[in-house]
2 protein chains.
Amino acid sequence: MTDDVMTIRAFNRTVTRRLGVLNEKYLGREHPLIESRLLFEIGADGVLVRDLRARLGLDSGFLSRTLRALEGKRLLNTIKHRVDGRTRFAKLTRQGVAELRRIDALSNKLAESLVAPLTDEQTRRLISAMAEVDRLLRASGVEIAQTLPGSPEARWCLDQYFDELASRFEGGFDRGAGMASDVECFVPPDGTFLVARLFGTPVGCGALRTLGSGVGEIKRMWLAPEMRGLGVGRRLLAALEHAACERKMRAIRLDTHKSLTEAIQFYRLSGYREIARYNNNPYAHHWFDKTLTMHRRARD
Amino acid sequence: MTDDVMTIRAFNRTVTRRLGVLNEKYLGREHPLIESRLLFEIGADGVLVRDLRARLGLDSGFLSRTLRALEGKRLLNTIKHRVDGRTRFAKLTRQGVAELRRIDALSNKLAESLVAPLTDEQTRRLISAMAEVDRLLRASGVEIAQTLPGSPEARWCLDQYFDELASRFEGGFDRGAGMASDVECFVPPDGTFLVARLFGTPVGCGALRTLGSGVGEIKRMWLAPEMRGLGVGRRLLAALEHAACERKMRAIRLDTHKSLTEAIQFYRLSGYREIARYNNNPYAHHWFDKTLTMHRRARD
DNA sequence: GTCATTATCTGACTGTAGTCTAATAAATGT
DNA sequence: ACATTTATTAGACTACAGTCAGATAATGAC
């Protein structure tokens with residue numbers, strides 16, 4: 001374990017220095033960093049200033065002033081939004097798009113300069129190790145937190161979830177039927193609604209509700225496709241089970257559709273036993289059950 | 001190749017964000033970053049302010065002011081150096097050492113927090129991928145440059161080199177015999193002296209001199225132990241051969257001691273053929289030769 | 001229509017991380 | 001002894017990346 005810590009610290013040092021130096025060398029000192037970031041985030045299609053602020057978590061005054069600076073350099077325009085006159089839409093000018101492409105090319109050059117001194121074999125190994133680190137750091141960076149099912153983030157996750165059901169179920173999926181009404185049951189203290197976030201943006205969700213005395217039910221478990229297979233589902237499920245334990249539940253049930261094969265497999269591996277139908281959900285083909293033991297401890 | 005660039009850029013983004021956030025969370029906002037860095041670099045034993053400045057490449061005024069700030073916090077003292085009254089020696093106070101230990105503990109915590117959410121198997125894979133990335137980024141970060149054999153960096157490398165010879169040769173090694181006098185032959189245009197640097201500090205060297213008409217000789221090839229097996233030797237040798245080509249040399253010779261088995265192996269793999277004794281170096285047991293082809297191109 | 005909310009903008013202010021110039025003092029070369 | 005170099009220090013200045021308080025304008029709820 002101490003060795004692990006030393007390896008991580010050496011990695012931290014090397015990577016920070018190496019990438020820091022290169023980022024500065026290739027991207028720095030032509031614009032302030034924040035301006036490059038903005039050009040990059042605004043992109044060729046433009047964004048609402050409001051979304052930009054939310055995404056980057058910037059102070060509104062600071063963002064406003066930085067946008068003015070970019071306007072002064074003729075790299076972007078902001079125009080009043082047609083629908084909501086309070087917000088503005090930021091769009092790169094032709095010059096702005098050119099500048100963005102230039103930054104992008106520099107960024108590629110930076111990446112190439114990292115592997116340029118290496119042999120092909122070393123390059124291959126570096127790339128695959130980088131992909132592994134990226135994957136696992138993203139996995140470890142996911143934070144799970146409680147939220148209200150009506151929050152914008154929860155709604156966004158649920159939209160993604162229902163869209164996916166609609167595309168995967170053969171006969172489609174009608175989200176209207178009873179889906180909006182049961183939101184209340186995911187609110188504490190009877191239930192809970194968890195979102196998983198990576199770098200502040202939601203990448204998954206899961207809900208718990210009380211089904212009967214001492215019995216809970218897990219619903220709405222969803223993970224962004226790019227986050228699957230990283231152990232985030234396991235942590236989300238553990239957090240829901242932890243919430244169930246806190247509510248003195250002794251067992252958890254859940255149902256799922258036959259087309260969601262990874263989910264079925266996932267629940268089986270997580271200690272859920274298939275049981276007989278316990279509800280009349282028209283979209284369910286499998287029903288599961290797990291008895292909670294008291295000493296269970298979630299890692300979230 | 002485009003895929004590689006995308007992988008590197010994704011890695012850059014994820015790692016910068018993840019480590020940046022954590023560095024700030026654990027290390028930030030108690031001292032300015034530069035003060036933590038200084039505490040860390042000064043260490044429990046103290047350093048000469050001159051060396052500190054050289055190592056971190058800081059502006060002397062800036063360093064001076066930052067040291068004053070740390071003195072004000074009673075974390076260090078600077079005292080006039082006994083031998084050279086111009087420079088000062090910076091030493092942590094008892095409180096400074098305690099603070100350093102605290103920062104160190106936070107740094108360990110940071111490292112642990114990176115793997116805490118992962119399974120044991122994921123942790124194992126992340127650690128080994130990090131070690132690989134660290135290794136290869138250090139390899140790719142090495143820069144090879146020409147210098148004079150009398151420069152402080154060159155002298156430092158040569159000291160390391162001769163120390164290693166002294167410890168590896170059974171009968172020891174006498175560096176006095178003709179070693180100081182031949183420094184002139186490594187100066188352009190007849191010869192050259194190259195140092196390999198990683199993050200500004202020397203990690204290897206190699207020299208070329210003219211042996212006769214159209215024939216060069218490679219001498220003083222040394223690599224810091226921690227940089228071996230990373231392909232840096234190959235690059236250094238290629239750079240020396242490139243320098244030889246520039247000098248219109250048609251062949252290169254070199255000799256080596258029987259105890260330097262990696263070197264012997266390395267030269268063989270690099271296209272050198274063992275030949276008969278061509279000099280009367282008392283420490284040589286193997287003599288090598290390589291004919292240079294005109295189209296050879298070094299990557300450095 | 002009123003009022004609270006949301007979004008942006010403006011201006012004043014802060015902390016960090018420097019750079020640059022000049023002064024001073026000690027050491028070194030001749 | 002004197003000039004040059006080296007090392008530190010002090011002070012003035014800059015760029016960047018914000019924070020915070022308040023003004024203004026549009027929207028949405030009632």
Side-chain angles (χ1 to χ4, degrees), chain A residues 16-17 20-21 23-25 27-42 46-73 76-91 150-152, chain B residues 16-17 20-21 23-25 27-42 46-73 76-91 150-152:
Chain A
T16 307
R17 295 177 79 166
V21 167
N23 278 325
E24 199 171 307
K25 181 170 164 194
L27 304 175
R29 304 299 70 80
E30 312 200 11
H31 306 285
L33 185 58
I34 185 72
E35 292 186 6
S36 302
R37 265 177 86 195
L38 282 189
L39 288 179
F40 197 79
E41 285 293 330
I42 291 168
V47 283
L48 281 180
V49 171
R50 182 212 302 162
D51 296 344
L52 197 56
R53 189 165 53 76
R55 201 149 69 219
L56 298 179
L58 294 174
D59 175 80
S60 54
F62 180 46
L63 174 58
S64 177
R65 220 166 330 106
T66 310
L67 289 176
R68 267 332 60 69
L70 286 171
E71 273 188 320
K73 294 179 184 174
L76 67 78
N77 292 316
T78 57
I79 48 174
K80 191 172 264 199
H81 192 47
R82 283 130 310 195
V83 182
D84 183 343
R86 288 169 302 181
T87 191
R88 323 203 79 203
F89 188 79
K91 188 149 175 39
S151 70
Chain B
T16 307
R17 295 177 79 166
V21 167
N23 278 326
E24 198 171 310
K25 182 170 164 192
L27 305 175
R29 305 298 71 79
E30 313 200 12
H31 306 286
L33 185 57
I34 185 72
E35 293 186 6
S36 302
R37 265 177 86 194
L38 283 190
L39 289 178
F40 197 79
E41 286 292 331
I42 291 167
V47 283
L48 281 180
V49 171
R50 182 211 303 163
D51 296 344
L52 197 57
R53 190 165 53 77
R55 200 148 70 218
L56 299 179
L58 294 174
D59 174 82
S60 53
F62 180 46
L63 174 58
S64 177
R65 219 170 328 109
T66 310
L67 289 176
R68 278 313 75 67
L70 287 170
E71 272 187 321
K73 293 179 183 174
L76 68 79
N77 293 316
T78 57
I79 49 175
K80 192 172 263 198
H81 191 48
R82 283 131 310 195
V83 182
D84 184 341
R86 288 170 303 181
T87 191
R88 324 203 77 204
F89 188 79
K91 187 150 175 41
S151 70

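Letters A, B, ... mirror the listed sequences (proteins, then strands); counts begin at 1. Hydrogens, waters and symmetry mates are skipped; everything else that's a heavy atom, side chains included, is used.
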> Within the structure, does a side-chain N or O atom of Arg50(A) lie under 4.0 Å from either OP1 or OP2 of dT8(C)?
Replying inline: no
> What integer distance in Å separates Ile34(A):CD1 from dT19(D):P?
Replying inline: 10 Å
> Mind checking what makes side chain to side chain donor-acceptor pair (under 3.5 Å) contact with Arg86(B), not counting sequence neighbours?
Replying inline: Asp84(B)
>> How close do Leu52(A) and Glu41(A) get, counting heavy atoms only, and between which atoms?
In response: CD1-CB, 3.7 Å
> In whole angstroms, how far is the C1' atom of dA10(D) from the CG atom of Leu63(B)?
Replying inline: 14 Å
> Roughly, in whole Å, what's the span from CG in Leu33(B) to C1' in dG18(D)?
Replying inline: 16 Å
> Between the two end axes of the helix from dG1(C)-dC30(D) to dT30(C)-dA1(D), each built from 5 base pairs, what angle do you get to the nearest 10°?
Replying inline: 10°
> Pro32(B) has a side chain; which of dT16(C), dG18(C), dT19(D) sits nearest to it?
Replying inline: dT16(C)
> Starting at CZ of Arg37(B) and ending at P of dA17(C), how long is that distance when rounded to a whole Å?
Replying inline: 9 Å
>> Using a 4.0 Å cut-off on heavy atoms, which residues in residues 64-73 of chain A reach DNA chain D? List them by number, or say none.
In response: Arg65(A)
> Which pair of non-hydrogen atoms, one from Leu38(A) and one from Leu56(A), has the smallest distance, and what is that distance?
Replying inline: CD2-CD1, 3.6 Å
>> Nearest heavy atom decides the nucleotide; on that basis, is Ser60(B) or Gly57(B) closer to the 5' end of DNA chain C?
In response: Gly57(B)
> Could you state the CG-P distance from Asp59(B) to dT14(D), rounded to the nearest angstrom?
Replying inline: 16 Å
>> For Arg55(A) versus Val47(A), what's the shortest heavy-atom pair and its separation?
In response: NH2-CG1, 3.8 Å
> How long is the line joining CG of Asp51(A) and C1' of dA7(C), in whole Å?
Replying inline: 12 Å
Ignoring hydrogens and angles, write down the donor-acceptor pairs under 3.5 Å from the side chains of residues 60-67 of chain B, residues two or more places apart or on other chains.
residue, atom, partner, partner atom, Å
Ser64(B), OG, Arg68(B), NH1, 3.4
Thr66(B), OG1, Phe62(B), O, 2.8

> Arg88(B): what forms a side chain to side chain donor-acceptor pair (under 3.5 Å) with it, not counting sequence neighbours?
Replying inline: Thr78(B)
> Near DNA chain D, under 4.0 Å by heavy atom, which residues of residues 79-90 of chain B?
Replying inline: Arg86(B), Thr87(B), Arg88(B)
>> Expressed as a whole number of angstroms, how long is the span from Phe62(A):CZ to dC13(C):C1'?
In response: 14 Å
